[in-house]
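Because only heavy atoms are used, hydrogens play no part in the values below, and waters and symmetry mates are left out as well, while side chains stay in. Please read these numbers as outputs of a predicted model, since none were measured by experiment. Just so you know, ligand 1 is whichever comes first in the structure, and atom 1 is the first atom listed for that ligand.
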Amino acid sequence: MTLSEIQSLDRQHFLGVFGERLPVCFVRGEGCTLYDQEGRAYTDLFAGIAVNALGYNHPAVTGAILAQAQTGILHTSNLYYVQPQAELAALLCRHTFADRVFFSNSGAEANEGAIKLARKYFYAQGSGRYKIVSANHSFHGRTLATVAATGHEDYQEPYRPLLPDGLSQVPYNDFDALRAAVDEQTAAILLEPVQGEGGVIPGDPAYLKAVRALCDERGILLIFDEVQTGVCRTGSLYAYQQYDVIPDIMTSAKGLGCGFPIGAVLASERVASAIAIGDHGSTFGGNTLACAVSLSAMRYLIEHDFSSVAREKGAQLMALLRSISSPQIIDVRGMGMLLGVQLTQDCAAKDLVRALLARGFVAGTASGNVLRIAPPLILSAAQMEAFAKALDDALSGF
Ligand SMILES: *Cc1c(COP(=O)(O)O)cnc(C)c1O
């Protein structure tokens with residue numbers, strides 16, 4: 001099929017939520033390189049929205065998919081024991097604050113689980129606490145509860161009245177606003193340690209520490225949404241580890257399956273012990289194939305210390321981006337391999353992404369006119385340098 005044939009089918013039959021996409025269809029990938037139908041190569045610095053941490057066709061991913069497929073079992077359901085699910089849960093508990101894990105199929109679903117867990121925790125104590133406070137410019141997903149938690153008016157407006165009741169937002173990195181927003185009915189505070197979709201805005205370390213202290217003082221649960229920041233992306237397995245602020249509940253997804261859909265809710269025993277049989281569930285969540293792939297990828301990432309890799313490569317990439325002297329760049333920020341380039345109004349991030357694509361480079365955007373860079377963690381120094389050159393060149397066209 002040609003690109004225009006695919007575009008025509010998409011325009012006719014796919015729900016119009018994505019509109020005109022970038023004019024490319026990738027058909028093959030290897031390492032950090034993607035190939036389109038004409039065989040043209042692109043260097044990927046976006047990893048399918050911070051998902052493909054090990055790039056394309058990595059043996060730890062491809063091999064695990066093939067090996068699991070060859071057993072003939074992709075799925076058996078949670079009616080039975082699932083070995084890679086048990087092993088993956090154990091691995092996540094070993095490497096994080098968590099004592100217990102539940103698997104979902106996406107980041108939004110993981111956040112749904114986190115919200116349910118927080119409410120159940122208070123319900124089990126006979127407490128009426130139910131409110132969840134999150135941040136403006138946050139992103140927590142597209143289900144009804146996670147849209148209500150997402151501080152983005154465009155995503156919420158068509159779906160009012162918002163479900164469930166009791167979700168509100170305050171400005172991010174503003175401790176006084178948060179303190180003023182919590183009350184006796186607040187069950188949890190839900191934050192991204194670094195806001196990804198919102199513009200790659202790192203949480204202020206003093207802010208996150210103060211939030212933890214507020215939660216302790218007021219008996220509120222702290223939920224970190226690490227769907228985007230997790231899995232070595234920011235330079236530690238999860239970003240909270242660098243902030244040294246331990247949440248009560250944490251969610252993970254994106255990089256967790258390195259391309260295979262899987263999400264997770266992680267919780268301390270204190271919180272998890274509120275959950276009883278039948279409180280939550282999933283047909284697909286924690287599926288054999290998903291867990292086998294994630295287990296293999298996570299073992300590889302941890303054994304090869306990809307947290308340090310992301311920290312070092314991220315610092316190199318940040319330095320390269322900061323060395324570009326373009327009047328269109330206002331700021332370069334981020335953590336590890338999650339970087340944002342703040343652009344001036346005359347240089348639209350989405351146009352810059354097109355200009356980069358035309359030069360054979362894949363990057364993304366974030367709110368607030370930010371070029372977002374979240375590469376596979378296996379990106380080479382030469383690929384980073386080539387990207388910085390291409391960006392410099394693309395910017396000179398604005
Ligand atoms: C992408 C993202 C989500 C939603 O994940 P989906 O898999 O698209 O449901 C939630 N939270 C954060 C921080 C994200 O970046």
Check this for me - ligand 1, [X], N or O atoms closer than 3.5 angstrom, yes or no?
| X | result |
| --- | --- |
| G141 | no |
| G107 | yes |
| Q228 | yes |

Scan the protein's non-hydrogen atoms and note whether one is under 4.0 Å from atom 8 (O) of ligand 1.
-> no

Note the single closest protein heavy atom to [atom], along with its residue, its atom name and the distance in Å.
| atom | result |
| --- | --- |
| atom 12 (C) of ligand 1 | F139 O, 3.2 Å |
| atom 14 (C) of ligand 1 | K254 NZ, 2.9 Å |
| atom 11 (N) of ligand 1 | D225 OD2, 2.7 Å |

Is the count of non-hydrogen atoms from other residues, nucleotides or ligands lying under 6.0 Å from Y130 atom OH greater than 12?
-> yes

Verify the neighbour count for atom CD of E5: are there more than 12 heavy atoms of other residues, nucleotides or ligands below 6.0 Å?
-> yes

Answer whether the closest heavy-atom distance between the side chains of [X] and [Y] falls below 4.5 Å.
| X | Y | answer |
| --- | --- | --- |
| V211 | V245 | no |
| L190 | V133 | no |
| L357 | V24 | yes |

With atoms numbered from 1 as shown, which atoms in ligand 1 lie under 4.0 angstrom from a non-hydrogen atom of [X]?
| X | value |
| --- | --- |
| A108 | 4 (C), 5 (O), 6 (P), 9 (O) |
| S106 | 7 (O), 9 (O) |
| E192 | 13 (C) |

Begin from the C-alpha positions of Q328 and T344 and carry the test side chain to side chain donor-acceptor pair (under 3.5 Å) through to its verdict.
-> CA-CA 5 Å; Q328 280 91 8; T344 53; 5.4 Å; no

Report the part of [X] in contact with ligand 1, treating N, CA, C, O as backbone and CB onward as side chain, heavy atoms under 4.0 Å; options are side chain, backbone, both, neither.
| X | value |
| --- | --- |
| A253 | neither |
| N111 | side chain |
| H140 | backbone |

Atom OG1 in T186, atom CG in D183: separation rounded to 0.5 Å?
-> 4.0 Å

Do Y238 and F224 have ring centroids that are under 6.0 Å from one another?
-> no

Row check, Y42 ring normal vs R40 NZ/CZ: under 6.0 Å, within 45° = yes

